[in-house]
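To find a chain, count down the sequence lines: A is the first, B the second, and so on, and within it residues start at 1. Computed from a predicted structure; not experimentally measured.
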Amino acid sequence: MHSNENSTASHAEAIEEPQFRYNADMAQLIEEKWQKTWEGQGTFWAANVGGDLVDGAGKHADKRDPYFVIDMFPYPSGKGLHVGHPLGYIATDVVSRYHRMKGENVLHAMGYDAFGLPAEQYAVQTGQHPRITTEQNIANMRRQLHRMGLSFDDRRSFATIDPGYVRWTQWIFSRIYDSWYDPEFKREDGGVGSARPISELIEAFSTGSKQIPGHDHESWEALSAAEQSEVLNDFRLAYISKSPVNWCPGLGTVLANEEVTAEGRSERGNFPVFQRELKQWSMRITAYGHRLINDLDELDWPEKVKLMQRNWIGESHGASVHFSVETADGEKDMEVYTTRPDTLFGTTFAVVSPEHRLLDAIPEQWPADIPESWKGGYANPREAVKEYRRASESKTAKDRVDEAGEKTGLFTGLYATNPITGAKLPVFTADYVLMGYGTGAIMAVPGGDQRDYDFAVKYGLPVIYTVKPLEGAEEKLESYEGTAPFVSHDGIVINSSVEHTKVLGDALSLDGLRVDAAIAKVTQWLEEAKVGTGKTSYRLRDWLFSRQRYWGEPFPVVYDEEGLPHLIPDDQLPVNLPEVPDYSPKTYDPNNADSNPEAPLSRNDDWVEVTLDLGDGPRKYHRDTNTMPNWAGSCWYYMRYIDPADQQHMVESNEFDYWLGPQHNDTAGTSGGVDLYVGGVEHAVLHLLYSRFWHKVLYDLGFVSSKEPFHKLFNQGMIQAYAYTDERGQYVPAAEVEEKDGGFIYEGEKVNREFGKMGKSLKNIITPDDMYDTYGADTFRLYEMSMGPLAESRPWNTRNVIGGMRFLQRLWRNVIDEGSGELVVSDDVPDEKTLKLLNNTIHDVTEEMEAMRPNTAISKLIVLNNHLTSLPSVPRSVVEPLILMLAPVAPHISEELWAKLGHEDSLAHADWPRYDEQYLGQDTVTAVVQVKGKIRGKLEVSPDIDPKELETLALALPAVQERLGGKPPRKVIVKAPRIVSVVPGV
RNA sequence: GCCCCCGUGGCGAAAUGGUAGACGCUGCGGACUUAAAAUCCGCCGCCGCAAGGCAUGUGGGUUCGAUUCCCACCGGGGGCACCA
């Protein structure tokens, strides 16, 4: 780029360039001119069905096909954009412009995801309110994007921090809070299970048609307000959880599982994360686990992303089994979850997680005759468990992972009874069993599970094998005994029969069955004996939804003097953020696991303590001081583009049906949703999962008509960059590094090349503004679209940009005389060869655009343009379609040439060129003649040559005759007109 | 450890069972020019004077024919990770 800047600038002065040459200065003039024109004419305004939002011509949508295409909206950071950021934005813009030319009503807009920690930290540093800095950043980003010529409908832009948007985010929270999940409800779409208003549940409790959990024989009206609130909390889709959560002292907030890395650190900031029992808002996303997996089938998404979601949700099928346990407080029930109920005869002990409630009722003394290793050196079980709990609480997830394999645990003094065999099983506690998965308790089967086996070996517990490898398999059970568990499903059940079961007293045998059959049989027995049931479990946890931060949406919730939660009525929304003396989160030493979260919103007493009339007269309340996570705003923004100014609805249903409904457009299939959604793969399980969850709740409650938010998803690749380090490992400015003899030189010294991201600290940033100055926006867009397949990551290479510039210059010269500025196209009828090339190009480019392959589309446009350059004069009837096909990628120069050719209207809505069938295909094709797969000759033949004739011609070739050696060929394969493949005789 | 994706010239890449390297960058040669830039024309996978041979990470397989399909391995990237 360095050398180029020099050449363009200095030569412009030294030599007079032709006055009307397409260069960077000319490009900038043209681009600014057309951007103003588009803005003035509302060229990219999308038309709604009704209301104020009409298109540039003042019309409503009428019968036009809608096409809804958006990017994952950006977080407006203060750093501005580099050339890696807009790849996806340019791609969706090309698609938008193409669809507009196909006559569709295209909704293409851009909003800003503007709540979040970076803005808050920046505010703390600068002493400015985050709203001020955020809005500055948005303005700067808007300018940078605008300069790129992106065809947004600016009337539909908004930011998640706008009070008019926050209001509806809070409104959605209220709807989720005020609903529960009924797993038996039969939905209209044929599925089972649905969110329903909480009022229906209260009704069911009141009439007695549904039992009140924990209050079997009481009436709903007899319960206290606090008891009712607690019962409902266990059903609400947004609820107050009292379970272990991820507490991050370094950030001063709790985090969702999705925000914690495998090392047990915060994704942002990389601080340790601890498991703490804290009261926090949660969303019951697990209720939707099955639907979130199932409905992936009807989405046009990359398989990779679908797979990541399936793995993250982690559905597994098995059974829950009840064991009775003799405790200090009498007989108690211990429910375990297993995917292998067929191994019930092989369970030799049980393990509960350190947080398990059973541990509240353990005996005071160790039983007699137990091994010392079970006691861990403690005098009694209560002390042992207390200490073990404390130790595991202070462990980070990282510690747990590091110690994976090295099992620790202690005996609890409790014994459980196997419901089938009646065997007494010692109950241990160990942190390899997680409270958050299944029931937090397992029946350990050391003969069939590696972890249980490791534990059994360490504590001297018996191992029973209940499955042996299938007959004929090479491995025999003997090779496992004493060394390893047999974990495979492929086997025959053994050692699994009893004359009289403990619970029913009947005979039960699984011996000789295949594992799958045994699972079915024992599950049926468990259900008959009422000690178990088939059950599906999910790796997915409920979504921890509150954060202790300032810069986010406040919860629309207040607590009365009893501490019971109440929603703020819809007509009193939004709840706006208060001014506080200090925005910063209360952070701690990152390793201080005993610290407690403190919300910044609690620092304004006047805001927290309020008197409100929630419908039953003025009362005193205190506000919830948490804020929602960053994901809240991005969960539903796509539908707000439909009308961000709508005061009456989150989204009006007629408009929703038109733009995003299940049958709104061929491209959206039956799922409905956005026709094309482009963004990075890094959101595969965060934003995209949360968003689908909210959408499904809103669907169940009848607010939206489509089941899914995004029908087609496309992940663009990352633009990477080279960075260079000197001998001391310091980064040197990449723009000033020269390549010499395969090495890299900076200021005469050899430097090393690295490959990775673009970043300020790597000194290899190139900004869109650099590109506009040196080449113009059209060349920049052209380069980004031509550098390779959109989905692939690849290195940025400024040196290659010039190729696109040259193409545009040649096209310009084909239309305009550089010296005089006169039009040079002719009205001559093009020759046959040109017509064939034109029509084939239209055919191919259309295909490439449909498949989102702008790189190959561009190469075909270059071929056509190069052909025109070689002609004595350029026919208008050929160059016009060429310009139209280029317009989505390089819109400004295309508009300018289109106008110079005498067209008065913008080509943004001009018809996409059509090809004429009669000029498709070639006059002659090259038929390839192969002998044993090797090319031995070529023939120029007519495309519709008779296969017999082609075969005769091919066999007559001297090179073929020579290799046949006078013998007749064994076989001849003819695929006219392309290939003749000869197999010689032996 | 388990799962997924990707390996093609000096570089970005085309070709998804049928002429490997379209298009672009770089490089080389030529025209124009006093000269240079820009522009235009041509060449450009490797070995070989040539005929020809070898080439899509490596090895095998299927096929008349494999960059493309199958198996194993090597290298790079990504996801998950004590999930019972």
Side-chain angles (χ1 to χ4, degrees), chain A residues 7-8 10-11 14-15 17-18 21 23 262-263 302-305 307-312 314-316 318 336-340 343 351 397 400-401 403-407 430-434 436-445 448-452 454-455 537-541 681-682 684-685 739 742 782-783 786-789 791-804 806-807 809-810 813 818 853 855-863 866 869-870 925-935 937-938 969-975 978-984:
Chain A
S7 60
T8 319
S10 58
H11 293 300
I15 313 105
E17 231 181 316
R21 167 164 294 177
N23 56 23
E263 283 78 40
E303 276 308 315
K304 180 189 170 163
V305 176
L307 193 70
M308 281 167 74
Q309 291 216 347
R310 284 192 192 102
N311 288 341
W312 186 263
E315 188 172 72
S316 81
V336 305
Y337 175 72
T338 175
T339 56
R340 293 290 300 276
T343 61
V351 185
R400 283 195 161 197
V401 170
E403 290 161 15
E406 179 55 36
K407 301 282 175 290
D431 63 7
Y432 81 90
V433 173
L434 310 172
Y437 184 78
T439 60
I442 62 158
M443 52 175 236
V445 184
D449 183 280
Q450 187 66 52
R451 294 152 302 180
D452 298 345
D454 295 344
F455 196 87
S537 273
Y538 297 91
R539 205 193 78 100
L540 179 72
R541 307 291 159 70
V681 72
E682 66 272 16
V685 287
E739 188 170 357
L782 188 64
Y783 174 61
S786 66
M787 59 198 292
E792 230 100 310
S793 293
R794 76 221 74 150
W796 176 268
N797 198 339
T798 303
R799 199 168 64 177
N800 290 354
V801 178
I802 190 67
R806 286 182 190 146
F807 163 48
Q809 271 175 349
R810 272 197 300 273
R813 243 193 324 269
E818 288 187 335
R853 287 192 296 256
N855 55 326
T856 44
I858 290 165
S859 83
K860 289 177 162 96
L861 295 178
I862 294 175
V863 171
N866 287 349
T869 307
S870 72
V925 261
T926 310
V928 175
V929 183
Q930 300 178 336
V931 179
K932 276 168 79 178
K934 299 240 180 239
I935 294 153
K938 291 175 187 181
R970 189 155 59 95
K971 200 172 172 188
V972 181
I973 294 122
V974 183
K975 298 270 161 156
R978 290 261 167 229
I979 289 280
V980 180
S981 188
V982 182
V983 189

Query raised in the report: Which residues satisfy the salt bridge (charged side-chain N to carboxylate O under 4.0 Å, His left out) test with A:R539, sequence neighbours excluded?
Result: none
Query - Residues in salt bridge (charged side-chain N to carboxylate O under 4.0 Å, His left out) contact with A:D452, at least two apart in sequence or another chain - result: none
Query raised in the report: Quick one: OG on A:S859 to CZ on A:R853, what's the gap to the nearest 0.5 Å?
Result: 11.0 Å
Query raised in the report: In Å, rounded to the nearest 0.5 Å, how long is the span from CE of A:M443 to CG of A:D449?
Result: 10.0 Å
Query raised in the report: Under 3.5 Å, is there a donor-acceptor pair linking the side chains of A:Y337 and A:S316?
Result: yes
Taking [M] as the reference, what is the distance to [N] when you measure between their [atom1] atoms (whole Å, please)?
N     : M     : atom1 : value
B:G10 : B:C28 : C1'   : 13 Å
B:G12 : B:G61 : C1'   : 34 Å
B:C70 : B:G53 : P     : 30 Å
B:A14 : B:C25 : C1'   : 15 Å
B:C71 : B:C3  : P     : 13 Å
B:G78 : B:C44 : C1'   : 37 Å
B:C47 : B:G42 : P     : 25 Å
B:G65 : B:G60 : P     : 16 Å

Could you check whether any side-chain heavy atom of [X] comes within less than 4.5 Å of a side-chain heavy atom of [Y], counting everything from C-beta outward?
X      : Y      : value
A:V928 : A:Q930 : yes
A:W796 : A:Y783 : yes
A:V972 : A:V974 : yes

[X] side chain: which of [options] is closest?
X      : options             : answer
A:R799 : B:C82, B:G79, B:G10 : B:G10
A:Y432 : B:A84, B:C82, B:C80 : B:C82
A:S859 : B:A81, B:G18, B:A22 : B:A22
A:R539 : B:A81, B:G18, B:A38 : B:A81
A:V433 : B:U39, B:C23, B:A84 : B:A84
A:R810 : B:C40, B:A38, B:A84 : B:C40
A:I935 : B:A20, B:G18, B:C25 : B:A20

Without decimals, in angstroms, what is the distance between [X] [atom1] and [N] [atom2]?
X      : N     : atom1 : atom2 : value
A:L782 : B:C23 : CG    : C1'   : 11 Å
A:K304 : B:C4  : NZ    : C1'   : 8 Å
A:Q309 : B:G79 : CD    : P     : 15 Å
A:I442 : B:A84 : CD1   : C1'   : 6 Å
A:D431 : B:C82 : CG    : C1'   : 9 Å
A:Y337 : B:C82 : OH    : C1'   : 16 Å
A:R978 : B:G17 : CZ    : C1'   : 14 Å
A:N866 : B:C23 : CG    : C1'   : 9 Å

**Report entry** Worked check of side chain to side chain contact (heavy atoms under 4.5 Å, CB included) between A:M787 and A:N855
**Finding:** CA-CA 7 Å; A:M787 59 198 292; A:N855 55 326; over 6 Å; no
Requested in this report: Kindly write out the residues that satisfy side chain to side chain contact (heavy atoms under 4.5 Å, CB included) with A:N311, not counting sequence neighbours, or none if the list is empty.
Outcome: A:L307
Query raised in the report: How is A:S316 classified with respect to the nucleic acid when contacts are heavy atoms under 4.0 Å: base, sugar-phosphate, or nothing?
Result: sugar-phosphate
Query raised in the report: Reckon A:Q450 touches a base, only the sugar-phosphate, or nothing at all at heavy-atom distances under 4.0 Å?
Result: nothing
Query - Position toward the 5' end of RNA chain B (nearest nucleotide), A:L540 or A:T926 - result: A:T926
Query raised in the report: When you match A:G436 and A:G804 each to their closest nucleotide on RNA chain B, which lands nearer the 5' end?
Result: A:G804
Query raised in the report: Between A:Y432 and A:K407, is there a cation-pi geometry (under 6.0 Å to ring centre, at most 45° from the normal)?
Result: yes
Query raised in the report: When you look at A:T338 and A:I442, which way does the side chain to side chain contact (heavy atoms under 4.5 Å, CB included) test go after all the steps?
Result: CA-CA 7 Å; A:T338 175; A:I442 62 158; over 6 Å; no
Requested in this report: Have a look at B:G9 and give me syn or anti from its glycosidic angle (syn if within 90° of zero).
Outcome: syn
**Report entry** Closest non-hydrogen atom pair between A:A684 and A:Q309, with its separation
**Finding:** O-NE2, 2.7 Å
Requested in this report: Please state whether the phosphate of B:C40, meaning OP1 or OP2, lies under 4.0 angstrom from any side-chain nitrogen or oxygen of A:R813.
Outcome: yes
Show me the protein contacts with nucleotides 12-15 of chain B, counting only N or O atoms at under 3.5 Å.
from: B:G12; atom 1: O2'; to: A:M787; atom 2: O; distance (Å): 2.6
from: B:A14; atom 1: OP1; to: A:N855; atom 2: ND2; distance (Å): 2.9

Report task. Verify side chain to side chain contact (heavy atoms under 4.5 Å, CB included) between A:R813 and A:R21, making sure each step is shown before the conclusion. Result -> CA-CA 8 Å; A:R813 243 193 324 269; A:R21 167 164 294 177; 4.2 Å; yes
Report summary line: Counting primed atoms, P, OP1 and OP2 as sugar-phosphate and everything else as base, the B/S/- map of nucleotides 51-71 of chain B against protein heavy atoms under 4.0 Å is --SS---------BS------
Report task. Determine the stems involving RNA chain B; a stem requires 3 or more consecutive pairs of the Watson-Crick or G-U wobble kind, each with both distances below 3.5 Å, and the answer is none if no such run exists. Result -> B:1-7 with B:74-80, B:10-12 with B:23-25, B:27-31 with B:39-43, B:45-47 with B:52-54, B:57-61 with B:69-73
